[in-house]
Amino acid sequence: MSARILATYRIACAANEIEARARALAAEQSVEMPVEAIRDPRVLGEIVATVESVRPSGNAFEVILGLAAETTGGEAAQLVNMLFGNCSLQPEVELLDADFPPGFASAFPGPAHGIAGLRERVGATSRALTGTALKPQGSTVEHLAKLAGTFARAGIDVIKDDHGLADQAFSPFAERVPAVQRAIDAANGETGGRTIYAPTFSGGPGALAAQAAIARDCGVGVALVAPMLVGLPVFVEMRRTSGLALLAHPAFAGASRVAPALLLGRLFRLFGADATIFPNHGGRFGYTRQACLAIAAAARDPWEGLEPVLPVPAGGMSVERVDEMISDYGTDTMLLIGGALLAAGDDLLGLSREFVRRVRNT
């Protein structure tokens with residue numbers, strides 16, 4: 001039998017239906033036709049998904065399917081298609097996890113830089129990293145550059161665009177990115193700091209390539225990209241061709257019923273993210289502490305020689321929660337605080353410095 005991916009699903013159905021439902025899911029996620037109509041013994045033995053186990057889970061059932069690894073073609077979109085393509089259209093089915101056979105990860109690029117590479121860029125050998133965001137969209141280039149300079153003078157490690165900033169008329173990419181990078185360079189020159197900038201990349205492959213050229217020309221080394229918006233194969237191509245470290249944003253990643261640890265942790269890592277942003281528990285989103293810790297573990301646990309990825313808990317965080325977050329996630333983490341710093345108004349520099357101080361002293 002060919003090497004198998006063991007994919008775990010939750011199916012909500014009656015107990016007397018689950019055996020038939022599991023077999024139907026196996027067919028749907030492999031050959032997408034009645035299995036009894038298949039005459040080719042190789043297809044029957046090597047390609048048709050197998051039902052490995054079925055067990056009760058609360059008011060539903062957990063089903064593990066064995067999916068033929070060769071059907072993924074070593075390609076990101078096809079991998080996700082085989083894991084959750086057609087069955088994502090079935091509201092009673094969720095994708096919980098996937099275990100890959102030995103050597104499977106080698107078909108994908110994985111992180112180019114990972115935690116160690118990002119640490120080297122900002123000169124932080126062991127402490128947690130600090131991050132913030134330029135907001136709000138609608139702001140002028142001049143305003144965003146001034147904000148960036150203030151954050152850099154405070155010593156924040158990574159300044160990213162808000163993911164809503166793109167190539168809009170009020171802040172065109174080709175104007176915003178050089179202006180923000182100049183402001184950060186000037187602040188670094190004043191303080192001796194090593195703050196880096198991650199602008200938002202968006203659009204089709206041609207636009208992304210043009211943005212990468214602009215970024216490289218002005219000394220930007222990190223890109224903020226939402227893999228689910230630009231497309232997974234395009235994200236992989238950016239990893240392979242752009243030369244930039246990739247900070248993965250979770251926008252649109254909640255539009256499907258895929259466990260966050262699998263998607264934001266393992267799959268984004270497999271496809272080339274160097275850091276992964278996710279909504280921390282207790283913020284603006286409904287993720288539990290358990291789900292957040294699982295994302296961090298999936299990002300950093302040893303896996304087929306892939307570089308560990310930096311977890312970035314975010315989403316309504318405050319300086320007061322710094323100690324708690326580092327206790328939860330450890331120092332191989334970047335804490336991202338955006339709006340709570342901007343709410344300081346005239347004391348933006350002071351509160352940003354307090355954020356940096358707390359992280360560096362924890």
Got a list of side-chain donor-acceptor pairs under 3.5 Å for residues 296-316, not counting sequence neighbours?
from, atom 1, to, atom 2, distance (Å)
Arg300, NH1, Tyr329, O, 2.8
Arg300, NH1, Asp332, O, 2.8
Arg300, NH1, Thr333, OG1, 3.2
Arg300, NH2, Tyr329, O, 3.0
Glu304, OE1, Gly103, N, 3.0
Glu304, OE2, Gly103, N, 3.3

Ignoring hydrogens and angles, write down the donor-acceptor pairs under 3.5 Å from the side chains of residues 203-231, residues two or more places apart or on other chains.
from, atom 1, to, atom 2, distance (Å)
Gln211, OE1, Ser202, N, 3.1
Gln211, NE2, Ser202, O, 2.9
Arg216, NH1, Ser242, O, 2.8

Throw together a table of side-chain donor-acceptor distances under 3.5 angstrom for residues 19-26, partners on residues two or more places apart or in other chains.
from, atom 1, to, atom 2, distance (Å)
Arg21, NE, Glu92, OE2, 3.3
Arg21, NH2, Gln90, OE1, 2.9
Arg21, NH2, Glu92, OE2, 2.6

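Panel note: side chain Asn59, backbone Ala12; no donor-acceptor pair is recorded below 3.5 Å. No donor-acceptor pair under 3.5 Å is formed between the side chain of Glu62 and the backbone N or O of Thr8. In this structure, Asp274 contributes its side chain and Pro111 its backbone to no donor-acceptor pair below 3.5 Å. Of the possible donor and acceptor atoms, one in the side chain of Arg4 sits under 3.5 Å from a partner among the backbone N and O of Gly66. Side chain of Ser171 to backbone of Gln168: no donor-acceptor contact under 3.5 angstrom is found. Under a 3.5 Å cut-off, the side chain of Arg39 and the backbone N or O of Glu36 do form a donor-acceptor pair. Judged by distance alone, the side chain of Arg360 and the main-chain N or O of Arg127 form no donor-acceptor pair under 3.5 Å. In this structure a side-chain-to-backbone donor-acceptor pair under 3.5 Å is missing from Asp157 to Gly131. When atom types are taken as modelled, the side chain of Asn188 and the backbone of Thr195 share a donor-acceptor pair closer than 3.5 angstrom. Remark: side-chain polar atoms of Arg153 are not paired, donor with acceptor, to backbone N or O of Ala186 under 3.5 angstrom.
Annotation for Val141: hydrophobic cluster partners, listed by chain and number, are none (ILVMFWY side-chain heavy atoms under 4.5 Å, direct or chained). Cluster note: Leu89 groups with no other residue, as no ILVMFWY side-chain heavy atom lies under 4.5 Å from it. Applying the 4.5 Å side-chain rule to ILVMFWY residues, one finds Ile64 in the same cluster as Leu6. If you chain together ILVMFWY residues whose side-chain heavy atoms come under 4.5 Å of each other, Ile47 ends up grouped with Val31, Met33, Val35, Ile38, Val43, Leu44, Val48.
Among residues two or more places apart in sequence or in another chain, the side chain to side chain contact (heavy atoms under 4.5 Å, CB included) test is passed with Ala14 by Asn16, Glu17. Under the rule for a salt bridge (Lys or Arg N to Asp or Glu O under 4.0 Å), the partners of Glu324 that lie at least two apart in sequence or sit in another chain are Arg321. Glu190 is linked by a side chain to side chain donor-acceptor pair (under 3.5 Å) to nothing, counting only residues two or more places apart in sequence or in another chain. Taking the side chain to side chain donor-acceptor pair (under 3.5 Å) definition, one finds that Glu28 meets it with Asn86, sequence neighbours left out.
Pairs passing the ring pair (Phe, Tyr, Trp, His ring centres under 6.0 Å) check and including a residue from residues 150-193, sequence neighbours excluded, read His163-His249, Phe173-Phe201.
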Test side-chain contact (heavy atoms from CB on, under 4.5 Å) applied to Thr130 and Leu335, step by step: CA-CA 5 Å; Thr130 52; Leu335 307 186; 5.7 Å; no
Derivation and outcome, side-chain contact (heavy atoms from CB on, under 4.5 Å), residues Leu147 and Leu342: CA-CA 9 Å; Leu147 278 181; Leu342 293 169; 3.7 Å; yes
Test log, rule side-chain contact (heavy atoms from CB on, under 4.5 Å), inputs Leu129 and Arg119: CA-CA 8 Å; Leu129 275 60; Arg119 284 192 174 284; 3.8 Å; yes
Steps toward side-chain contact (heavy atoms from CB on, under 4.5 Å) verdict (Glu175, Thr140): CA-CA 10 Å; Glu175 296 179 20; Thr140 64; over 6 Å; no
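Leu264 and Met238 fall within a single hydrophobic cluster, where Ile, Leu, Val, Met, Phe, Trp and Tyr side chains are chained together by heavy-atom contacts under 4.5 Å. Leu349 and Phe355 fall into different hydrophobic clusters, where Ile, Leu, Val, Met, Phe, Trp and Tyr residues are linked whenever their side-chain heavy atoms come under 4.5 Å apart, directly or through other members. Side-chain heavy atoms closer than 4.5 Å link hydrophobic residues (I, L, V, M, F, W, Y) into clusters, and following such links, possibly through other members, connects Phe84 to Phe61. Grouping the Ile, Leu, Val, Met, Phe, Trp and Tyr side chains by contacts below 4.5 angstrom, directly or via other members, places Val158 apart from Tyr197. Hydrophobic clustering (ILVMFWY, side-chain heavy atoms < 4.5 Å, transitive): Ile326 and Met334 are in distinct clusters.
With a 4.5 Å cut-off on side-chain heavy atoms, Arg176 and Leu134 do not count as touching. Side-chain atoms of Val236 and Pro109, non-hydrogen and from C-beta on, do get closer than 4.5 Å to each other. Side-chain atoms of Val319 and Leu341, non-hydrogen and from C-beta on, do get closer than 4.5 Å to each other. By the 4.5 Å heavy-atom criterion applied to side chains, Val258 and Val80 are not counted as neighbours. At a threshold of 4.5 Å between non-hydrogen side-chain atoms, the residues Asn81 and Gln78 count as touching. Residues Thr331 and Ser126 have side chains not in contact (no heavy-atom distance under 4.5 Å, counting atoms from C-beta outward). Contact of the Phe278 side chain with the Pro260 side chain is not registered, since no non-hydrogen atoms from C-beta on lie closer than 4.5 Å.
The nearest pair of heavy atoms linking Val93 to Cys87 is CB-O, 3.9 Å. When every heavy atom of Phe108 is checked against every heavy atom of Leu79, the shortest pair comes out as CZ-CD2, 4.0 Å. For the residue pair Ala152 and Thr191, the shortest heavy atom distance occurs at O-OG1, 4.5 Å. A pairwise comparison of heavy atoms in Ala148 and Ile159 identifies O-CD1, 3.4 Å as the closest pair. Considering all non-hydrogen atoms of both residues, Leu67 and Met82 come closest at CD1-O, 3.4 Å. Here the shortest heavy-atom pairing between Pro101 and Ile5 reads CD-CG1, 3.9 Å.
Rounding to the nearest 0.5 angstrom, the gap separating the CZ atom in Phe235 from the CG atom in Leu267 is 11.5 Å. The structure places CG of Leu293 at 8.5 Å from OG1 of Thr288, a figure rounded to the nearest 0.5 Å. One distance of note links CG of Leu262 with CG of Leu96; it measures 9.0 Å at 0.5 Å rounding. Taking CZ of Arg239 as the reference point, atom CG of Leu244 lies at 11.5 Å (rounded to 0.5 Å). Atom-to-atom distance recorded for Ile11:CD1 and Ile18:CD1 is 4.5 Å, nearest 0.5 angstrom.
Taking the charged nitrogens against the carboxylate oxygens, Glu354 and Arg358 do have a contact shorter than 4.0 Å, which makes a salt bridge. Ion pairing between Glu237 and Arg240 fails under the 4.0 Å rule for side-chain N and carboxylate O.
In this structure, Phe100 and Phe104 have parallel ring planes: the angle between them is below the 30° cut-off, well short of the 60° mark.
Heavy-atom neighbours of Gln290 CD from other residues, nucleotides or ligands within 6.0 Å: at or below the threshold of 12.
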